[in-house]
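Have a look at this one before I ask anything.
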2 protein chains.
Amino acid sequence: MEKTDAIASLSALAHDARIDVFRLLVNAGPEGVTAGQLAERLSIRPNTLSNNLNILSGAGLVRSLREGRSVRYFANIDAMRGLLAFLMEDCCGGRPELCQPFLDRITCAPTAPTDMEPDQ
Amino acid sequence: MEKTDAIASLSALAHDARIDVFRLLVNAGPEGVTAGQLAERLSIRPNTLSNNLNILSGAGLVRSLREGRSVRYFANIDAMRGLLAFLMEDCCGGRPELCQPFLDRITCAPTAPTDMEPDQ
DNA sequence: CCATTAATTCGAATATACATGAATTATGGA
DNA sequence: TCCATAATTCATGTATATTCGAATTAATGG
């Protein structure tokens, strides 16, 4: 993955509505969700949603298939994996054993408690 | 992790200079890098870098310690893990076996080839 | 062919993020 | 105390992103 692709993905997700769309699609899994269903469930105007789906799609984070009058959207999990791989590339100066334990704890299951806040 | 924290982290990383800073710190590992070294290695003006470090720090992605006249910065790997956990929460509608194989392939080692481009 | 539904595109007004130069704070040494 | 170095803060002009209403394209059924 190129840096420019990574920034496109991160920018796409760094948005109040788009992160909801992506997470909803992640939750929906391989069955996907139509644009109309997304607009209704998330209370987003169709044209605004369309713009945001375009941005997610351009970043490769979602895919879509036309289905009659509707368009069905799907999360692209592999794109997420590529993004994280880029961010963590050559982690810990060639001593991956230092951070691999963190990565191994990533799971789809309900989140374990995390320590996000800086202490200064 | 709250949605607002996730957006702060994604916004922080979605920037040409800040993603370089974060990746350099990830690569540096527990030894960290001083602000001055970051500015020199990445050719960023000190005041611009300081602003960007503030943004990364506010998002919890980096931490810092004063060291004499310098300030040493470190990547917060656990924050990255929390971010990904949030994005992947309740993946595949409660059937994590569908996406866990992707997550298990995340590694610090040199990146495996990925398929980022949408095919439409 | 016309009407309806689904989704997208377009143009414009507004808000936000960004880099920069100048000024400021903090630390250490002479 | 004075000076130099390291880093940060501040004010500002510019560029970019976001949303919205209106118009447009696509598919289906009568």
Side-chain angles (χ1 to χ4, degrees), chain A residues 3-22 24-25 28 31-75 118 120, chain B residues 3-22 24-25 28 31-75 118 120:
Chain A
K3 185 169 87 165
T4 168
D5 298 324
I7 290 174
S9 294
L10 292 163
S11 295
L13 291 171
H15 182 278
D16 192 67
R18 291 195 295 265
I19 199 171
D20 285 342
V21 169
F22 182 76
L24 199 161
L25 291 176
E31 290 169 26
V33 183
T34 67
Q37 291 170 331
L38 284 168
E40 189 185 359
R41 289 200 213 167
L42 298 175
S43 300
I44 308 175
R45 290 167 207 274
N47 56 351
T48 298
L49 174 64
S50 191
N51 179 43
N52 285 325
L53 284 169
N54 238 345
I55 291 169
L56 287 167
S57 182
L61 289 167
V62 306
R63 297 169 184 280
S64 62
L65 288 176
R66 182 164 274 278
E67 193 175 80
R69 271 183 282 206
S70 300
V71 177
R72 186 169 293 271
Y73 283 86
F74 310 86
Q120 74 172 107
Chain B
K3 185 169 87 164
T4 169
D5 297 325
I7 291 174
S9 294
L10 292 163
S11 295
L13 291 172
H15 181 278
D16 193 69
R18 291 194 296 263
I19 199 171
D20 286 342
V21 169
F22 183 76
L24 198 161
L25 291 177
E31 289 168 29
V33 183
T34 66
Q37 291 170 330
L38 285 168
E40 189 184 0
R41 287 200 214 169
L42 298 174
S43 300
I44 307 174
R45 290 167 206 272
N47 56 350
T48 298
L49 174 64
S50 191
N51 179 43
N52 286 325
L53 284 169
N54 236 347
I55 291 169
L56 287 166
S57 181
L61 290 166
V62 305
R63 298 171 183 278
S64 62
L65 288 176
R66 181 164 276 277
E67 194 175 78
R69 272 183 283 206
S70 301
V71 176
R72 186 169 293 271
Y73 283 86
F74 310 87
Q120 74 171 109

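None of the values given here were measured: they were computed from a predicted structure. Side chains included, hydrogens not; waters and symmetry mates left out as well; all remaining heavy atoms used.
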Spacing between A:L56 atom CG and D:dT18 atom P, to the nearest angstrom: 11 Å
What pairs meet the side chain to side chain donor-acceptor pair (under 3.5 Å) rule with one or both residues in residues 43-53 of chain A, with sequence neighbours excluded?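 Sorted pair list: A:R18-A:N52.
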Establish, with yes or no, whether the OP1 or OP2 oxygen of C:dT8 is under 4.0 angstrom from a side-chain nitrogen or oxygen of A:Y73.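 For C:dT8, OP1/OP2 do have a side-chain N/O of A:Y73 under 4.0 Å.
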I'd like to check B:L65 versus B:Y73 (side-chain heavy atoms, cut-off strictly below 4.5 Å). Are they in contact? no
Rounded distance in Å - CZ (A:R72) to C1' (C:dA6):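 Taking atom C1' of C:dA6 as the reference, CZ of A:R72 is at 13 Å.
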Spacing between A:L65 atom CG and D:dA26 atom C1', to the nearest angstrom: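 Those two atoms, CG and C1', are 16 Å apart.
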With respect to the phosphate group of D:dT16, does any side-chain polar atom (N or O) of B:H15 fall under 4.0 Å of OP1 or OP2? no
CG of B:L42 versus P of C:dA19: gap in Å, rounded?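 Computing the B:L42:CG to C:dA19:P distance gives 13 Å.
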Could you state the CD1-P distance from A:I44 to C:dT8, rounded to the nearest angstrom?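 Atom-to-atom, A:I44 to C:dT8, this comes out as 12 Å.
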Within the 4.5 Å heavy-atom criterion, are B:I7 and B:K3 side-chain neighbours or not? yes
Any idea which heavy atoms bring A:R72 and A:E31 closest together, and the distance? NH1-O, 3.1 Å
Please report the distance, rounded to the nearest Å, between CG in A:L53 and C1' in C:dT9.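 Whole-Å distance recorded here is 14 Å.
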What's the closest nucleotide to the side chain of B:N54 if the choices are C:dA7, C:dC18, D:dT9? D:dT9
Give B:R18 one of three labels, base, sugar-phosphate or nothing, depending on what nucleic acid heavy atoms sit under 4.0 Å from its own.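 The residue B:R18 makes sugar-phosphate contact but no base contact.
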Run the side chain to side chain contact (heavy atoms under 4.5 Å, CB included) test on B:L25 and B:L38 for me, step by step, so that the C-alpha distance in whole Å, both residues' side-chain angles and the decisive distance to 0.1 Å come before the verdict. CA-CA 9 Å; B:L25 291 177; B:L38 285 168; 4.2 Å; yes
For nucleotides 20-30 of chain C, 5' to 3', base contacts (B), sugar-phosphate-only contacts (S) and non-contacts (-) with protein non-hydrogen atoms under 4.0 Å give BBB----BS--
Whole angstrom is fine here: how far is it from CG in B:L38 over to P in D:dA6?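 Answer to the nearest Å: 14 Å.
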Using side chain to side chain contact (heavy atoms under 4.5 Å, CB included) as the criterion, list what pairs up with B:S70, not counting sequence neighbours. B:T34
Rounded to whole Å, please give me the gap between CD1 in A:I55 and P in D:dT16. 15 Å
Indicate, with a heavy-atom threshold strictly under 4.0 Å, whether B:S50 touches base, sugar-phosphate, or nothing. base
Are the side chains of A:H15 and A:I55 in touch, meaning some heavy atoms are under 4.5 Å apart?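 No. Closest side-chain heavy atoms not under 4.5 Å.
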Within the 4.0 Å heavy-atom criterion, would you say A:T34 contacts the bases, only the backbone, or no part of the nucleic acid?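 Sugar-phosphate: the residue A:T34, judged by heavy atoms under 4.0 Å, touches backbone atoms but no base.
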